[in-house]
Protein chains: 2
Amino acid sequence: MIATLRQRGIRVTAQRVAVAEVLANSIDHPSAQDVYERVKLHFPHITLATVYNTLNVLSEKGFVQPLHFRGGTRYDANLLPHANLICVECGRIADASVDEDGAVANLREILTKASGFQVMGQRLDFYGSCARCSGSSASQPN
Amino acid sequence: MIATLRQRGIRVTAQRVAVAEVLANSIDHPSAQDVYERVKLHFPHITLATVYNTLNVLSEKGFVQPLHFRGGTRYDANLLPHANLICVECGRIADASVDEDGAVANLREILTKASGFQVMGQRLDFYGSCARCSGSSASQPN
DNA sequence: TTTACTGCAAAGGGTTTGCATGAGG
DNA sequence: CCTCATGCAAACCCTTTGCAGTAAA
């Protein structure tokens with residue numbers, strides 16, 4: 001992890017390693033507050049401001065992708081082309097790999113040819129009901 | 001426009017019509033502040049709070065799609081499946097129709113089959129350099 | 001008449017920043 | 001050593017809300 005951060009030109013501190021590791025080990029797209037609470041478990045002295053500063057550095061250096069929503073920002077450590085499945089009922093965000101057959105690459109190519117836009121990255125959000133929420137007839141409250 | 005709003009179950013007021021018309025006639029994904037300034041040209045008495053309230057109503061009723069970014073929310077009146085081309089240099093957001101060959105529908109189908117997720121809507125953002133910026137000067141952000 | 005929208009101002013909440021201290025390269 | 005990160009608190013900015021008056025249905 002330390003080497004990974006150095007590779008990206010990020011000055012290494014204990015706090016930054018802790019934040020980066022929380023992100024790398026999370027698949028639930030945590031908010032800054034979530035990251036703060038998780039880091040604090042093993043690093044009680046860190047502050048929310050440091051978490052925000054670190055998240056901004058990690059975002060600028062391409063270590064995570066910030067996803068802005070109405071309620072605030074969530075952070076995605078999955079750097080591969082993928083779709084975010086956002087359940088409008090329970091609020092969960094799951095990743096779905098979608099580029100096995102080059103679907104995203106295909107889209108990028110279409111856009112470049114059609115409008116001369118040089119694509120450098122993307123964010124694909126799909127809103128709907130996750131299997132858990134739409135599948136259960138007697139839906140559970142969460 | 002009045003009929004359109006009524007169809008969506010939106011109580012019709014002069015302010016709401018004005019906001020809705022600004023949105024319908026804008027292709028630059030205006031912010032709430034942008035909408036406010038444009039509406040105020042022909043409706044000087046409206047307030048920013050009313051614009052926000054109206055934008056929320058129009059969003060809930062599916063008249064516009066709110067797009068949350070770091071700097072705030074932008075509003076997209078294009079309800080057809082499309083991609084947002086976001087220039088990281090000049091900040092402009094342009095729409096690109098991308099579903100001529102059913103690319104979005106294809107993605108939605110892949111996701112439904114793979115993960116049992118019922119897709120109800122989507123947001124496709126592509127970050128990069130627009131034709132104007134990548135063509136004029138060769139500046140490469142990292 | 002009944003409901004709910006407007007305008008105004010003030011509060012809310014996620015995020016950023018200034019400053020003194022402390023740690024990394 | 002010199003630069004930059006941390007911690008703390010206050011500030012910031014976008015957005016929401018409470019209230020009194022007013023307009024839509």
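Excluded from the calculations below are hydrogen atoms, water molecules and symmetry mates; all remaining heavy atoms, backbone and side chain alike, are included. Here is how names work: the chains are called A, B, and so on, in the same order as the sequence lines, proteins then strands, and each is numbered from 1.
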Chemist: Taking the side chain as every heavy atom from C-beta outward, state whether R123(A) and R123(B) have any pair of such atoms under 4.5 Å apart.
Modeler: yes
Chemist: So how far is it from E21(B) CD to T4(B) OG1, rounded to the nearest 0.5 Å?
Modeler: 9.5 Å
Chemist: Rest of the hydrophobic cluster containing V12(B) (Ile/Leu/Val/Met/Phe/Trp/Tyr, side-chain heavy atoms under 4.5 Å)?
Modeler: M1(B), I2(B), L5(B), I10(B), V17(B), V19(B), V22(B), L23(B), V35(B), Y36(B), V39(B), F43(B), I46(B), L48(B), V51(B), Y52(B), L55(B), V57(B), L58(B), F63(B), V64(B), Y75(B)
Chemist: Residues from residues 49-61 of chain B sitting under 4.0 Å of DNA chain D, heavy atoms only?
Modeler: A49(B), Y52(B), N53(B), N56(B)
Chemist: For chain A and DNA chain C, what are the first and last nucleotides along the strand, 5' to 3', with at least one atom under 4.0 angstrom from a heavy atom of the protein chain?
Modeler: dG14(C) to dG25(C)
Chemist: Assess the side chains of S31(B) and D34(B): does a donor N or O sit below 3.5 Å from an acceptor N or O?
Modeler: yes
Chemist: Along DNA chain D, 5' to 3', what are the outermost nucleotides having an atom less than 4.0 Å from a heavy atom of chain A?
Modeler: dT3(D) to dT16(D)
Chemist: Would you say that H82(B) contacts V98(B) through its side chain, given a criterion of any heavy-atom pair below 4.5 Å between the two side chains?
Modeler: no
Chemist: Group every Ile, Leu, Val, Met, Phe, Trp and Tyr by side-chain heavy-atom contacts under 4.5 Å, then state whether I86(A) and L107(B) land in the same group.
Modeler: no
Chemist: Would you give the length of the straight line joining atom CG of N84(B) to atom CG of D125(B), rounded to the nearest 0.5 angstrom?
Modeler: 5.0 Å
Chemist: Where along residues 70-79 of chain B does a heavy atom fall under 4.0 Å from DNA chain C?
Modeler: R70(B)
Chemist: Does R108(B) have any salt bridge (charged side-chain N to carboxylate O under 4.0 Å, His left out) partners at least two apart in sequence or in another chain, and if so, which?
Modeler: none
Chemist: Taking the side chain from R16(B) and the backbone from R11(B), do they hold a donor-acceptor pair closer than 3.5 Å?
Modeler: yes
Chemist: E109(A): which residues meet the salt bridge (charged side-chain N to carboxylate O under 4.0 Å, His left out) condition with it, sequence neighbours left out?
Modeler: K113(A)
Chemist: Let me know, please, whether R6(B) or H45(A) comes out on the 5' side of the other along DNA chain D by nearest nucleotide.
Modeler: H45(A)
Chemist: Checking T112(A) now: which residues fulfil side chain to side chain donor-acceptor pair (under 3.5 Å) with it, not counting sequence neighbours?
Modeler: none
Chemist: To the nearest 10 degrees, what angle separates the axes at the start and end of the helix from dT1(C)-dA25(D) to dG25(C)-dC1(D), five pairs each?
Modeler: 50°
Chemist: Between R132(B) and E89(B), is there a side-chain heavy-atom distance shorter than 4.5 Å?
Modeler: no
Chemist: Examine distances only and state if a side-chain atom of Q15(B) and a backbone atom of T47(B) form a donor-acceptor pair shorter than 3.5 Å.
Modeler: no
Chemist: Looking at residues 7-40 of chain B, who's got a heavy atom less than 4.0 Å off DNA chain D?
Modeler: R11(B), V12(B)
Chemist: Suppose we screen for salt bridge (charged side-chain N to carboxylate O under 4.0 Å, His left out). Which residues come up paired with R38(A), at least two apart in sequence or across chains?
Modeler: D28(A)
Chemist: Taking the six-membered ring of F117(B) (Phe, Tyr or Trp), confirm whether the NZ or CZ of R92(A) is under 6.0 Å from its centre and within 45° of its axis.
Modeler: no
Chemist: Distance from I93(B) atom CD1 to F126(B) atom CZ, nearest 0.5 Å?
Modeler: 14.5 Å
Chemist: Quick one: list whatever passes salt bridge (charged side-chain N to carboxylate O under 4.0 Å, His left out) with D95(A), sequence neighbours left out.
Modeler: none
